[in-house]
Peer 1: 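Before I ask anything, here is the structure I am working with.
Sequence lines set the chain letters: A, B, ... in the order given, protein chains first and strands last, and positions in each chain run from 1. Keep in mind the model is a prediction, meaning the values are calculated, not measured.
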Amino acid sequence: MKSQFSVYNSLTKKKEVFKPLIADRVGMYVCGPTVYSNAHLGNCRTFTSFDLIYRYLTHLNYKVRYVRNITDVGHLENEEDMTGEDKIAKKARLEQIEPMEIVQRYTLDFKNVMSMLNNHPPSIEPTATGHIIEQIEMVQKILDNGYAYERNGSVYFKTVQFAEKHDEYGQLSGKKIEDLRQETRDLKAQSEKDHPADFAIWMKAHENHIMRWDSPWSVGFPGWHLECSAMSTKYLGERFDIHGGGMDLQFPHHENEIAQNVSCCETSPASYWMHTNMLTFEGVKMSKSLNNSILPEELFTGNNHLLSQAYSPMTLRFFFLRSHYRSICDFSDKGLQDAEKNYKNMMSALKAVQELEYIGKEKVNDEDKVINDLLDQCFIHLDDDLNTPRVLATLFELVAKINAFKNKQLKINHISKATLERMQTTFKIVLQDILGLLPEEENSDAVLDNVLQVLIEMRKTARANKDWAASDLIRDQLLAAGIQLKDGADGTSWSKL
RNA sequence: GGUCGGUUGGCCGAGUGGUUAGGCAACGGUCUGCAAAACCGUGUACAGCGGUUCAAAUCCGCUACCGACCUCCA
């Protein structure tokens, strides 16, 4: 049974059934980070969303090649400023170290954070500096095809001429070339470009620009949008299935990328464009320039005045999954507190469902259908453009059932043995394999567990003797120490608060 | 200024032209020695105004407020 997985395509502005170009294979390119400083929570949200997509495609048995670049050339800070510096070069100058040292530091930081969030590494993680030759070749092709011109060693893309010949320009972002002309003309009159909407695909390096490469036009560096065109083409071909990135990249980055690909390869690169929405803080986009960004490390340590406590990477992942990837997600301490509780409850249920044992003769009733319907719903909601809030809602309904079975509030033999087994495998697959939520092993301390088992035994004896003072003392003292005892149908268990 | 998007119950957050989202918090119940945990139940929300319709929170228009992009950004 092949699923009817549908995704929202930013290019056509509607949900479409996903059909790869080659059956059973998917090529996906996602614009990665610029490694000139630490990854912040906004970056985390985007890449966690694409990790989910990657995981689900893999679950659907597609062979996925997931390419996510590392931008280590940086972009110009101000395209019209001829002393404009590369972001990475600027940071390097300020910190008195080599640009590639900056790149290395923040690349490692980024990969480390991705790993903590349980995001799978992409199949290929190419760097812009490692693909200068490919980029130069692409510039040459665009020149040969007549969609660019050289000016003082820099090469610019003829945006207006391109837009006149190709409907593609503006389709993704909804921008009209007339508006761009109107808007930018007055402000940036002294440019060496023919038109304000033109953009550089090769830039001649200013004399103190550190990152530079030889080329047919000048010693310089590739333009803002070129690396993604070059690397996606190299690793996924001229046409592939999914191109993704944050919504803020839609214009100009992705629009210009399409223009480059069409003018070079005569085809728009991707069938489906997927854009993730922004993470906001107090209603405003989280970004470095606004100085309102929070670092993952601050969250994991609780070392930030906005946070009442530390939150684990899995709590953060859960927090992201609570909202749909195309909706704005507003960061809040309260939201993370909720997410933490949700996550813990979900993980307790995951443990509980695995421990359920089938007892008694099958007396299957309506409950069997209820459970199976809920399990089906998980995939129906995943198929619907990865509606994770709905998936979680469905899982919570299953959690209630699982706990009820565990505490004998529902009888296990009211569902079939096959249904129990399906629930056990499916709950785990959805939670761990697809949503990527792993247990954090909080009860893995064997010594602590042994000590607590002694106390639980002592309390049990006290209760049997109706020595409530003693049993309540154990319970209350442990609670004060952050350990909660839970009396269930099968005895007492414990968890950290 | 231009383009696009949002406004859902105490908070978060889905969704749909007519039927319970879900979570957190709250309250009631079951269970319990009492609690906690767990389960069950309760809340009747969709910015405002007008229109289309048998029926709109869901479609259309206007207004208000918020945001994103138009400059590097995930």
Peer 1: Between the base of B:A36 and the side chain of A:Arg475, is one N or O donor paired with an acceptor at under 3.5 angstrom?
Peer 2: no
Peer 1: In whole angstrom, give me the gap between the P atoms of B:G23 and B:U42.
Peer 2: 13 Å
Peer 1: For A:Phe50, does the six-membered ring have the charged nitrogen or CZ of A:Arg68 within the cation-pi criterion, i.e. under 6.0 angstrom from the centroid and within 45° of the normal?
Peer 2: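 Not satisfied by the 6.0 Å and 45° rule.
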Peer 1: Near RNA chain B, which residues from residues 38-48 of chain A have a heavy atom under 4.0 Å away?
Peer 2: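 Residues of residues 38-48 of chain A under 4.0 Å from RNA chain B: A:His40, A:Gly42, A:Asn43, A:Thr46, A:Phe47.
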Peer 1: Checking all strands, does A:Val284 fall into the base, sugar-phosphate, or nothing category for heavy-atom contacts under 4.0 angstrom?
Peer 2: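 Result for A:Val284 = sugar-phosphate.
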Peer 1: Using a cut-off of 4.0 Å on non-hydrogen atoms, how would the nucleic acid contact of A:Leu279 be classed: base, sugar-phosphate, or nothing?
Peer 2: base
Peer 1: Can you check the A:Met278 CE to B:C69 P distance for me, whole Å?
Peer 2: 8 Å
Peer 1: Is a donor-acceptor contact shorter than 3.5 angstrom present between the side chain of A:Asp487 and the base of B:G33?
Peer 2: no
Peer 1: Roughly how far apart, to the nearest Å, are B:C46 and B:A57 at atom C1'?
Peer 2: 4 Å
Peer 1: Show the distances under 3.5 angstrom between N or O atoms of the protein and N or O atoms of nucleotides 57-61 of chain B.
Peer 2:
none

Peer 1: Kindly say whether, by distance alone, the side chain of A:Gln409 makes a donor-acceptor pair under 3.5 Å with the base of B:A38?
Peer 2: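 Such a pair exists between side chain and base.
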Peer 1: Within the structure shown, what part of the strands sits under 4.0 Å from A:Met247 by heavy-atom distance: base, sugar-phosphate, or nothing?
Peer 2: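 Nothing, no nucleic acid heavy atom in range.
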Peer 1: Taking the ring centre of each residue, are A:His254 and A:His225 less than 6.0 Å apart?
Peer 2: no
Peer 1: From NE2 of A:His254 over to P of B:C70, roughly how many Å is that when rounded to an integer?
Peer 2: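 Computing the A:His254:NE2 to B:C70:P distance gives 13 Å.
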Peer 1: For A:Phe396 and B:G23, are the ring centres under 5.5 Å apart with planes inclined under 30°?
Peer 2: no
Peer 1: Quote, to the nearest angstrom, the P distance that separates B:G22 from B:C39.
Peer 2: 14 Å
Peer 1: Taking atom C1' in both B:U3 and B:A45, what distance in whole Å separates the two?
Peer 2: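 Between the two C1' atoms, the distance is 32 Å.
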Peer 1: Would you check if the distance from the ring center of A:Tyr156 to the ring center of A:Phe199 is below 6.0 Å?
Peer 2: no
Peer 1: What's the closest nucleotide to the side chain of A:Arg390 if the choices are B:A14, B:C34, B:C70?
Peer 2: B:A14
Peer 1: With sequence neighbours left out, what residues match A:Lys158 under salt bridge (charged side-chain N to carboxylate O under 4.0 Å, His left out)?
Peer 2: none
Peer 1: When rounded to the nearest Å, what value does the distance between P atoms of B:A47 and B:U8 take?
Peer 2: 7 Å
Peer 1: Calculate the interatomic distance between A:His324 atom NE2 and B:A21 atom P; express it in whole Å.
Peer 2: 19 Å
Peer 1: Provide the distance between the two C1' atoms, one in B:A25 and one in B:G33, to the nearest whole Å.
Peer 2: 29 Å
Peer 1: May I ask you to check whether A:Phe157 and A:Phe162 place their ring centers less than 6.0 Å from one another?
Peer 2: yes
Peer 1: Answer with yes or no whether the side chains of A:Asp383 and A:Gln4 bring together a donor and an acceptor at under 3.5 Å.
Peer 2: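 No donor-acceptor contact under 3.5 Å links the two side chains.
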Peer 1: Does the base of B:C73 carry an N or O that pairs as donor and acceptor with the side chain of A:Lys285 under 3.5 Å?
Peer 2: yes
Peer 1: Salt bridge or not for A:Lys344 and A:Glu440, using N-O below 4.0 Å?
Peer 2: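 So A:Lys344 does not pair with A:Glu440 through a salt bridge.
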Peer 1: Can you confirm whether the side chains of A:Thr394 and A:Gln377 place a donor and an acceptor under 3.5 Å from each other?
Peer 2: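 A:Thr394 vs A:Gln377: no donor-acceptor pair found between side chains.
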Peer 1: Any salt bridge linking A:Asp72 with A:Lys87? Criterion: basic side-chain nitrogen under 4.0 Å from a carboxylate oxygen.
Peer 2: no
Peer 1: Say we look at B:G43 and B:A35: how far apart would their P atoms be, to the nearest angstrom?
Peer 2: 26 Å
Peer 1: By the side chain to side chain donor-acceptor pair (under 3.5 Å) test, which pairs, at least two apart or in different chains, include something from residues 465-486 of chain A?
Peer 2: A:Lys486-A:Ser495
Peer 1: So A:Ser327, base contact, sugar-phosphate only, or nothing? Heavy-atom distance under 4.0 Å.
Peer 2: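 Result for A:Ser327 = sugar-phosphate.
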Peer 1: Are any protein N/O atoms closer than 3.5 Å to N/O atoms in nucleotides 6-12 of chain B? If there are, list each pair with its distance.
Peer 2:
unit_1	atom_1	unit_2	atom_2	d
B:C12	O2'	A:Arg322	NH2	2.7

Peer 1: Hunt down any stem RNA chain B takes part in, defined as 3 or more consecutive Watson-Crick or G-U pairs whose two distances are each under 3.5 Å.
Peer 2: B:1-7 with B:64-70, B:10-12 with B:22-24, B:26-30 with B:38-42, B:47-51 with B:59-63
Peer 1: Could you state the atom-to-atom distance from NZ of A:Lys13 to P of B:U3 in whole Å?
Peer 2: 15 Å
Peer 1: Under the side-chain hydrogen bond (donor to acceptor under 3.5 Å, both in side chains) test against A:Arg317, which residue among A:Thr48, A:Asp51, A:Asn118 passes?
Peer 2: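 Checked A:Thr48, A:Asp51, A:Asn118 against A:Arg317; only one passes side-chain hydrogen bond (donor to acceptor under 3.5 Å, both in side chains): A:Asp51.
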Peer 1: Contact class for A:Thr276 vs. all strands (heavy atom < 4.0 Å): base, sugar-phosphate, or nothing?
Peer 2: nothing
Peer 1: How long is the line joining CG of A:Leu290 and P of B:G67, in whole Å?
Peer 2: 11 Å
Peer 1: Give A:Gly488 one of three labels, base, sugar-phosphate or nothing, depending on what nucleic acid heavy atoms sit under 4.0 Å from its own.
Peer 2: nothing
Peer 1: If you draw the axis of the six-membered ring of A:Phe221, does the NZ or CZ of A:Lys204 fall within 45° of it and under 6.0 Å from the ring centre?
Peer 2: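 No - A:Lys204 does not lie over the ring of A:Phe221 by the 6.0 Å and 45° rule.
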Peer 1: Taking atom P of B:C34 as reference, at what distance in whole Å does atom CG of A:Asp476 sit?
Peer 2: 15 Å
Peer 1: Under a 4.0 Å threshold between the charged nitrogen and the carboxylate oxygen, would A:Arg105 count as salt-bridged to A:Asp109?
Peer 2: no
Peer 1: Would A:Lys15 pass as a cation-pi partner of A:Tyr8, given that its NZ or CZ must be under 6.0 Å from the six-membered ring centre and within 45 degrees of the axis?
Peer 2: no
